[in-house]
Amino acid sequence: MKNIPFSEYWQAFLRWKGWRICSRFFVRCWKAVAGWAGWQKIFCIPFPVLLVMGIASGAGLILVFVRGLEQTVPAYILYAVSAYTLTGLCIRFPGAFRAGKAWLTRHPKIAGLLKNAEFKFRLELYFEQLINFSYGIFKIASGIILGSAWIGCDGIYNLTQALIQLFQILRRKKAENLLQQWKSYRFCGFLILLMHLTLTGIVFQMVNWNRAEDQGQIMVIATAAFAFYKFTGSFWDLARDRKHTRPVDSSVRMLDLAQAIFAMFSLQASMFHTFGTGESWEQLMNLITGCAVCLLIVSMGIYMIRRANREIKKLQEVPHG
């Protein structure tokens, strides 16, 4: 039986036509829900007012959780207002986005930039790095304030991943030929393996010494928001990565996936130690998930190194062919 390389399975997974069919199905369902005429009567408040209400209710929720006022009457009123505001923003966002895009296209220079695929791709990369850096700094600061080694190490890991991604993004300008790009791709694989040593230390600290302290509801909510954002976004970007076949771009996407996998493990550990009962099965689940995350990230690093070596060898053999 012929052994099929893992890379062929991976490429077939990314080229699967079902991604496009599923995305179209969900987009149509969302448009059908958002296009219901009754929403205009329920959420008749202008979108800018809804946006201000959303920011205000978010700040109010943080104050409620910090002060421990979850069971008070004002808190329940704030919960209702927050639910109404969040639903209204989700329903009204597509229309507001189209209106904003139409307003921007009236300006010739901005319209030209929006049609530039490379500019949009770079803008998306820098926006993702802004979120990654913000989350990493937030985690480090929270670890210092709360005196939690686990939270601080989590922040350092995410911040280091963001720095590596930023290095790869800046490398896009210098790595002009394909050989340099594959060398940068291989270097990124080595960095992922090096980062695995830090990840192993974090998992060992959390599982063996039970060091993932109670992080509080705000920290868990922030961790959950980042984890789901990275997890869904990384798989979406990988499926769409066939439009950007440059190895440097692929390395950034692989780093995103590694960060998303670790974020889901961090979320699991945070929820167990914040809402759990401290039973032995919770620690066992953290151990299993931690080991699986370590193996996945090591496999990604090895895959990147092997793929880059194979492509570099092909490029070096071309002039002598």
Side-chain angles (χ1 to χ4, degrees), residues 58-59 61-63 65-68 128-168 188 190-231 233-234 252 254-278 282-298 300-301:
L61 288 175
I62 293 175
L63 182 63
F65 292 140
V66 170
R67 295 295 181 87
E128 290 179 359
Q129 296 317 301
L130 178 62
I131 295 177
N132 293 339
F133 273 100
S134 301
Y135 180 75
I137 294 172
F138 167 74
K139 277 281 191 174
I140 293 173
S142 300
I144 295 173
I145 294 172
L146 299 175
S148 172
W150 159 254
I151 299 176
C153 291
D154 189 358
I156 292 173
Y157 178 84
N158 283 283
L159 189 61
T160 307
Q161 283 275 45
L163 287 172
I164 297 174
Q165 286 177 304
L166 182 61
F167 171 79
Q168 289 296 97
C188 184
F190 283 117
L191 288 178
I192 286 180
L193 291 180
L194 185 62
M195 285 297 298
H196 169 260
L197 299 176
T198 306
L199 175 61
T200 304
I202 295 174
V203 173
F204 178 80
Q205 171 185 295
M206 189 276 299
V207 175
N208 191 55
W209 295 335
N210 203 24
R211 291 294 301 278
E213 294 89 347
D214 188 349
Q215 301 184 19
Q217 294 181 357
I218 297 177
M219 188 64 64
V220 173
I221 291 172
T223 304
F226 181 79
F228 285 111
Y229 165 76
K230 292 298 296 183
F231 197 75
S234 61
V252 175
M254 294 294 282
L255 284 167
D256 260 337
L257 181 59
Q259 193 174 16
I261 293 172
F262 177 74
M264 295 302 292
F265 166 70
S266 178
L267 174 61
Q268 175 184 295
S270 302
M271 294 187 69
F272 276 153
H273 287 271
T274 301
F275 305 109
T277 58
E282 296 176 359
Q283 189 173 4
L284 178 62
M285 284 296 298
N286 284 334
L287 177 62
I288 294 173
T289 308
C291 292
V293 167
C294 291
L295 288 174
L296 279 172
I297 294 179
V298 168
M300 288 171 57

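What you are looking at is a predicted structure, and each value in this text was computed from that prediction instead of being measured. The figures here come from the full heavy-atom set of this structure, side chains too, leaving out hydrogens, waters and symmetry mates.
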Rounded to the nearest 0.5 angstrom, the CD-CE distance for Gln259 and Met254 is 14.0 Å
Is Gln268 reaching over with its side chain to a backbone N or O of Met285, donor-acceptor style, under 3.5 angstrom? yes
Residues passing the side-chain contact (heavy atoms from CB on, under 4.5 Å) test with Ala224, sequence neighbours excluded, are Phe228, Leu267
### Query
Does some side-chain heavy atom of Lys139 sit less than 4.5 Å from a side-chain heavy atom of Phe226?
no
Cys188 and Gln168 have their tightest heavy-atom pair at CB-NE2, 3.7 Å
Heavy-atom closest pair (Ala258 atom, Ile297 atom, distance to 0.1 Å) is O-CD1, 4.0 Å
**OP:** Could you tell me whether the side chain of Ser234 and the main chain of Phe231 form a donor-acceptor pair under 3.5 Å?
**Re:** yes
Result for side-chain contact (heavy atoms from CB on, under 4.5 Å) between Met300 and one of Leu257, Leu255, Leu193 points to Leu257
Interatomic distance, CE@Met264 vs OG1@Thr289, rounded to 0.5 Å, equals 10.0 Å
Residues Asn132 and Gln165: side-chain donor-acceptor under 3.5 angstrom: yes
In this structure, CG of Asn158 is separated from OG1 of Thr223 (nearest 0.5 Å) by 9.0 Å
Do Asp154 and Phe262 come within less than 4.5 Å of each other through their side chains, counting heavy atoms only? yes
The reported gap from SG in Cys294 to CD1 in Ile261 (rounded to nearest 0.5 angstrom) is 11.0 Å
Q.
What I'd like to find out is whether the side chain of Leu163 reaches to under 4.5 Å of the side chain of Phe133, using heavy atoms alone.
A. yes
Rounded to the nearest 0.5 Å, the OG1 atom of Thr160 sits from the CG atom of Leu191 at a distance of 10.5 Å
dist Gln129:CD -> Ser134:OG (nearest 0.5 Å) comes out at 10.5 Å
